[in-house]
Amino acid sequence: MIKFKLVDNRTRVSKKIKELQEKLEQFPKEFMRITADIVIENSPVDTGTYMDAHQIGTKESITTSHGKPRNQPYSDFAETARDRLYSQISGLNVDGSDWFITNNSVHNVRVEYTGWNSRPAYSPYTIARGYAPIALEEAKARVGL
């Protein structure tokens with residue numbers, strides 16, 4: 001005689017869908033954190049103004065280095081900038097809307113594109129843009145997609 005057993009997998013399927021939704025919600029923020037790390041790693045510090053002017057989100061402001069001391073330590077400003085960007089990322093509502101990472105210092109064009117005299121541009125945003133396909137894969141792996 002053939003026996004049939006009816007199995008209700010709805011609970012297990014619902015759990016898997018919920019887990020996938022959570023991963024999909026984490027993914028954009030993880031991508032943003034990786035992007036922020038690349039920008040910071042490739043940003044210079046002299047007065048610290050450029051590092052202080054990195055922003056992620058939807059608001060912009062202008063930052064100036066006027067009156068600030070030069071030759072400041074990189075690590076102090078990098079850690080502060082990373083913490084600030086991560087905090088901004090945590091506060092973002094990522095619902096498919098556009099986000100930006102930018103630098104609003106008055107000398108951002110020189111740092112990104114033209115450089116100074118014999119010093120070439122640092123190009124942290126160009127580097128981050130080029131790294132984006134790798135960052136996407138890293139973000140997928142980190143959240144388990």
Side-chain angles (χ1 to χ4, degrees), residues 6-145:
L6 183 60
V7 179
D8 186 355
N9 285 325
R10 286 180 291 181
T11 304
R12 195 169 11 177
V13 171
S14 297
K15 185 178 177 183
K16 292 290 184 187
I17 290 171
K18 184 177 180 185
E19 288 172 4
L20 180 59
Q21 286 174 328
E22 288 171 1
K23 289 176 182 181
L24 289 172
E25 288 171 8
Q26 294 170 8
F27 174 74
K29 290 186 178 186
E30 191 61 36
F31 176 75
M32 288 182 222
R33 282 189 284 273
I34 294 167
T35 301
D37 289 342
I38 297 301
V39 168
I40 289 167
E41 289 167 11
N42 291 285
S43 294
V45 171
D46 182 22
T47 65
T49 300
Y50 185 78
M51 193 72 81
D52 285 343
H54 291 306
Q55 300 291 321
I56 289 183
T58 57
K59 297 179 184 175
E60 295 187 54
S61 63
I62 301 298
T63 307
T64 179
S65 60
H66 182 71
K68 292 185 178 178
R70 298 180 66 109
N71 300 316
Q72 297 298 304
Y74 173 84
S75 59
D76 294 349
F77 284 93
E79 185 175 335
T80 301
R82 183 173 286 114
D83 290 346
R84 185 183 65 260
L85 290 175
Y86 278 22
S87 176
Q88 290 172 349
I89 290 166
S90 294
L92 286 176
N93 180 10
V94 184
D95 58 0
S97 60
D98 292 338
W99 60 275
F100 68 84
I101 180 168
T102 188
N103 189 290
N104 298 311
S105 69
V106 294
H107 51 281
N108 63 10
V109 172
R110 292 188 97 171
V111 173
E112 183 64 30
Y113 300 110
T114 63
W116 284 266
N117 303 324
S118 63
R119 172 168 273 158
Y122 290 88
S123 307
Y125 289 88
T126 300
I127 293 167
R129 191 170 35 254
Y131 193 80
I134 297 167
L136 285 170
E137 294 303 316
E138 283 183 22
K140 283 174 29 181
R142 287 183 188 182
V143 301
L145 288 175

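This one's a predicted model, so the numbers in the text were calculated from it and none came from an experiment.
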| For the residue pair Pro124 and Val39, what are the closest heavy atoms and their distance? | CB-O, 3.5 Å
| said: Between Asn42 and Tyr122, is there a side-chain heavy-atom distance shorter than 4.5 Å? | reply: no
| field | Shortest non-hydrogen contact between Leu92 and Lys29, atoms and distance | value | O-NZ, 2.9 Å
| query | Does some side-chain heavy atom of Gln21 sit less than 4.5 Å from a side-chain heavy atom of Ile17? | reply | yes
| said: Checking the side chain of Lys23 only, and the main-chain atoms of Gly144 only, is there a donor and an acceptor separated by less than 3.5 Å? | reply: yes
| task | Might you point out which heavy atoms bring Gln55 and Arg84 nearest each other, and give the distance in Å? | result | NE2-NE, 3.9 Å
| task | Could you give me the CA-CA distance, side-chain angles and deciding distance for Phe31 and Ile89, then say whether side chain to side chain contact (heavy atoms under 4.5 Å, CB included) is met? | result | CA-CA 10 Å; Phe31 176 75; Ile89 290 166; over 6 Å; no
| Taking side chain as C-beta onward, heavy atoms only, is Glu41 less than 4.5 Å from Ile127? | no
| query | Rounded to the nearest 0.5 Å, what separation is found between the CG atom of Asp37 and the CD atom of Glu138? | reply | 9.5 Å
| What closest approach, in Å, do Ala53 and Ser105 show between heavy atoms, and which atom pair accounts for it? | CB-N, 3.5 Å
| field | Rounded distance [0.5 Å steps], NE2 in His54 versus CD1 in Ile101 | value | 7.0 Å
| Tyr86 backbone acceptor or donor facing Ser90 side chain under 3.5 Å | yes
| task | For the residue pair Tyr113 and Asn108, establish whether any side-chain heavy-atom pair is separated by less than 4.5 Å. | result | no
| 4.5 Å side-chain heavy-atom contact, Tyr50 and Val45 | no
| said: Using side-chain heavy atoms (C-beta onward) and a distance below 4.5 Å, is Leu24 in contact with Val143? | reply: no
| remark: Nearest heavy-atom contact between Arg33 and Glu30 is NH2-OE1, 2.9 Å
| Please walk me through it: do Val111 and Trp116 pass side chain to side chain contact (heavy atoms under 4.5 Å, CB included)? | CA-CA 8 Å; Val111 173; Trp116 284 266; 3.3 Å; yes
| field | Minimum side-chain heavy-atom gap Met51-Ile40 below 4.5 Å | value | yes
| message | Please determine whether side chain to side chain contact (heavy atoms under 4.5 Å, CB included) holds for the pair Phe27 and Leu136, giving the CA-CA distance in whole Å, both sets of side-chain angles, and the decisive distance to 0.1 Å. | response | CA-CA 9 Å; Phe27 174 74; Leu136 285 170; 3.7 Å; yes
| query | Is Gln26 close to Arg142 at the side-chain level, that is, under 4.5 Å between some pair of heavy atoms? | reply | no
| query | Do NZ/NE/NH1/NH2 and the carboxylate oxygens of Glu79 and Arg82 come within less than 4.0 Å? | reply | no
| query | What heavy-atom pair brings Ile56 and Ala36 nearest, and what distance separates the two atoms? | reply | CD1-CB, 4.1 Å
